[in-house]
Number of protein chains: 2
Amino acid sequence: MGTASTHDTHACVRSDAALTRAFTILGKRWSAVVLGSLRSGPAGFRELSRAIDGLSDSVLSDRLSELTKEGLIARTVDAGPPVSVSYELTECGKALMPALHQISEWAEKHLSFEEG
Amino acid sequence: MGTASTHDTHACVRSDAALTRAFTILGKRWSAVVLGSLRSGPAGFRELSRAIDGLSDSVLSDRLSELTKEGLIARTVDAGPPVSVSYELTECGKALMPALHQISEWAEKHLSFEEG
DNA sequence: AGTGCTGCTTTGATTTTCCTAGCAAGTATG
DNA sequence: CATACTTGCTAGGAAAATCAAAGCAGCACT
């Protein structure tokens, strides 16, 4: 087949723009894990740092900024006196939770957890 | 401190091991997009390269190797003469599609597509 | 004052990703 | 054979992301 026109435009669109856009955010190391950690409620910087093993403060700071900028989480400052900061999911962020949960279940079923 | 008082195991497990493991794979740039591109059926290297805009050959090669090693996709060589290679989702990879689809829908609803 | 908590930022080193080429092999022309 | 174009990759090196560790300011407890 295909001898007629070589440069046709029926590319079948294997590429999914929405998925690509989503993974501009989620495709960064730790983004999704940070979001997942916020699933059970608001948390402070140090709490997240402690909860997520392997993630350094500088990267956590970056992810938190990006996620806030993208509107997935919100940063709230309570000027105490002991000033405390807390991060929590926005509606947008919450809407992602079912998908994250599904991925989590997929991982448990299909992935091995001993890796080098 | 806090002899018998402080509730030390207050950790609430914010960290999700399965999610963390999943995003050891998916959290790499282009992994999920490559998988998504394979959802409509097998494809060759060049076809994927053309379909996914912005992804370079060297990175595609990396992702394909990793995804194959992790068992999400399979590489099949048909020694022609015109030798042709095709990649396709394994059962494991297919099982991830619903989640990817959900993320795609989430992106369409909640994300803006004009970004800098 | 000393120690530890909080929320970050800064400093390099290491790793990953990216872009530009290029290779080997096959097909299609002439 | 030569040229041109395909396929499936790999190499080199630069740019960006990630890393661990330390530092800093503010507040609390002792």
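In what follows, every heavy atom counts, from backbone to side chain, and hydrogens, waters and symmetry copies are set aside. What you see is a predicted model, and the numbers here were worked out from it, not measured in a lab. Just so we're on the same page: letters track the sequence lines, and every chain starts at 1.
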Whole-Å distance separating the OH atom of B:Tyr87 from the C1' atom of D:dT7: 12 Å
Could you tell me whether the phosphate oxygens of D:dC19, OP1 or OP2, come under 4.0 Å of any side-chain nitrogen or oxygen in A:Trp30? yes
Can you tell me how far P of D:dG8 sits from CG of B:Leu64, to the nearest Å? 10 Å
Under 3.5 Å donor-acceptor, A:Glu88 side chain and A:Ala74 backbone: no
Tell me whether B:His101 at atom NE2 has more than 12 heavy atoms from other residues, nucleotides or ligands lying less than 6.0 Å away. no
Which listed nucleotide (D:dT18, D:dG8, C:dC8) is nearest to the side chain of A:Ser61? C:dC8
Distance check needed: C:dC5 C1' versus A:Glu47 CD, whole Å only. 13 Å
Can you tell me the distance, in whole Å, between the CG atom of B:Asp53 and the P atom of C:dC18? 12 Å
Between B:Arg46 and B:Asp57, does any NZ, NE, NH1 or NH2 come within less than 4.0 Å of an OD or OE carboxylate oxygen? yes
May I have the distance from A:Glu66 (atom CD) to D:dT18 (atom P), rounded to whole angstrom? 7 Å
Using modelled atom types and a 3.5 Å cut-off, is there a donor and acceptor pairing between side-chain atoms of A:Arg21 and backbone atoms of B:Ser112? yes
Tell me the interatomic distance from B:Asp62, atom CG, to D:dG8, atom P, rounded to whole angstroms. 17 Å
Please tabulate, for the side chains in residues 26-35 of chain A, all donor-acceptor contacts under 3.5 angstrom to protein atoms that are two or more places apart in sequence or on a different chain.
| unit_1 | atom_1 | unit_2 | atom_2 | d |
| --- | --- | --- | --- | --- |
| A:Lys28 | NZ | A:Glu66 | OE2 | 3.4 |
| A:Ser31 | OG | A:Ile25 | O | 3.0 |

Specify the closest pair of heavy atoms between B:Ala22 and A:Trp106, including all atoms of both residues, with the distance to one decimal. CB-CZ3, 4.2 Å
Got a sec, which pairs hit salt bridge (charged side-chain N to carboxylate O under 4.0 Å, His left out) with one end in residues 89-98 of chain A, sequence neighbours left out? A:Glu91-A:Lys94
Just N and O in the side chain of A:Arg50: are any of them under 4.0 Å from OP1 or OP2 of C:dT6? yes
At 4.0 Å (heavy atoms only), tell me whether B:Val59 reaches a base, stays on the sugar-phosphate, or touches nothing. base
Side-chain N or O of A:Arg75 versus OP1/OP2 of C:dC8: is the shortest distance under 4.0 Å? yes
Find the distance A:Arg63:CZ to C:dG7:P and express it as a whole number of Å. 19 Å
Rounded interatomic separation in angstrom, taking NZ from B:Lys28 and P from D:dC19: 11 Å
Counting primed atoms, P, OP1 and OP2 as sugar-phosphate and everything else as base, the B/S/- map of nucleotides 20-30 of chain D against protein heavy atoms under 4.0 Å is B----------
Give a yes/no on whether any side-chain N or O of A:Arg29 is located under 4.0 angstrom from OP1 or OP2 of C:dT15. no
